[in-house]
Amino acid sequence: QLQLVESGGGLVQPGGSLRLSCLVSEPSGFTLEFYTIGWFRQAPGKEREGVSCISTSGDSTHYAGSVKGRFTISRDVAKNTVYLQMNSLKAEDTAVYYCAATVLSDGDLSKDEYDYWGQGTQVTVSS
């Protein structure tokens, strides 16, 4: 069964940076390259929204307009890990961040396309 574990969340000042990690574990032997991995976030009182995703090939990425130019998604296949580098953080970036996986080769930022989810990691941007 596919498992995803997020890490790297914490408290950061506005304008600061943070890097989140998503460790993808597949006991059956499938590699990271079998899944599109997405990052989502949910702030209190708001719906979960897509932030970024990276395709199975790793050469296609998508970003929400609110984070484009500030966030970067990447992966290390050897480590089965997907990263979300977050720069120029704003207070409105405060949320619980989740990583998720789908077998679609090139998914988008719709949460309904993703079948597997991590537990989430809290990111708080505040002075």
Set of side-chain contact (heavy atoms from CB on, under 4.5 Å) partners for A91, sequence neighbours left out: none
Worked verdict on V82 versus I54 for side chain to side chain contact (heavy atoms under 4.5 Å, CB included): CA-CA 9 Å; V82 176; I54 185 167; 4.2 Å; yes
Side chain to side chain contact (heavy atoms under 4.5 Å, CB included) evaluation trace for V67 with K90: CA-CA 10 Å; V67 307; K90 307 173 181 179; over 6 Å; no
Polar side-chain atom of T36 near backbone of S105 as donor-acceptor pair, under 3.5 Å: yes
Shortest non-hydrogen separation from G50 to A64 and the atoms involved: O-CB, 3.4 Å
Partner residues of Q85 under the side chain to side chain donor-acceptor pair (under 3.5 Å) criterion, sequence neighbours left out: N87
Verify same cluster id: V103, L32 (apolar side-chain graph, 4.5 Å): yes
With sequence neighbours excluded, residues passing side chain to side chain donor-acceptor pair (under 3.5 Å) with Q3: none
Heavy-atom pair of closest approach, residues S17 and S88: OG-N, 4.3 Å
Residues forming a side-chain contact (heavy atoms from CB on, under 4.5 Å) with V123, sequence neighbours excluded: L18, L20, M86, Y97, V125
Sequence neighbours excluded, every pair satisfying ring-ring contact (aromatic ring centres under 6.0 Å, His included) that has a member inside residues 37-63: F40-Y114, F40-W117
Pairs flagged by side chain to side chain donor-acceptor pair (under 3.5 Å) wherever residues 70-83 is involved - sequence neighbours left out: R70-D93
Results of salt bridge (Lys or Arg N to Asp or Glu O under 4.0 Å) for E113 - residues two or more places apart only: none
Counterpart residues, side-chain contact (heavy atoms from CB on, under 4.5 Å), relative to A101 (two or more places apart): L2, L4, Y35, I37, Y116
Flag, side chain of T121 to backbone of G9, donor-acceptor distance under 3.5 Å: yes
CD-OG distance between E49 and S66, expressed to the nearest 0.5 angstrom: 5.5 Å
Between CZ on residue F71 and CG on residue L89, distance to nearest 0.5 Å: 5.0 Å
Trace of the side chain to side chain contact (heavy atoms under 4.5 Å, CB included) decision for L109 with V51: CA-CA 7 Å; L109 297 179; V51 175; over 6 Å; no
side-chain contact (heavy atoms from CB on, under 4.5 Å) against Q42, all qualifying residues, sequence neighbours excluded: R48, Y98
D108 side, atom CG; S60 side, atom OG - distance, nearest 0.5 Å: 10.5 Å
Distance, nearest 0.5 Å, that separates OG of S52 from CD1 of I73: 4.0 Å
Side chain to side chain contact (heavy atoms under 4.5 Å, CB included) between Q122 and T94, intermediate numbers included: CA-CA 8 Å; Q122 177 71 49; T94 296; 4.1 Å; yes
Sequence-distant partners of S126, side chain to side chain donor-acceptor pair (under 3.5 Å), two or more places apart: none
Disulfide (SG to SG under 2.5 Å): pairs with one or both residues in residues 4-80, sequence neighbours excluded: C22-C99
Value rounded to 0.5 Å, distance of CD in E47 from CZ in R41: 14.0 Å
With sequence neighbours excluded, residues passing side chain to side chain donor-acceptor pair (under 3.5 Å) with D59: S57
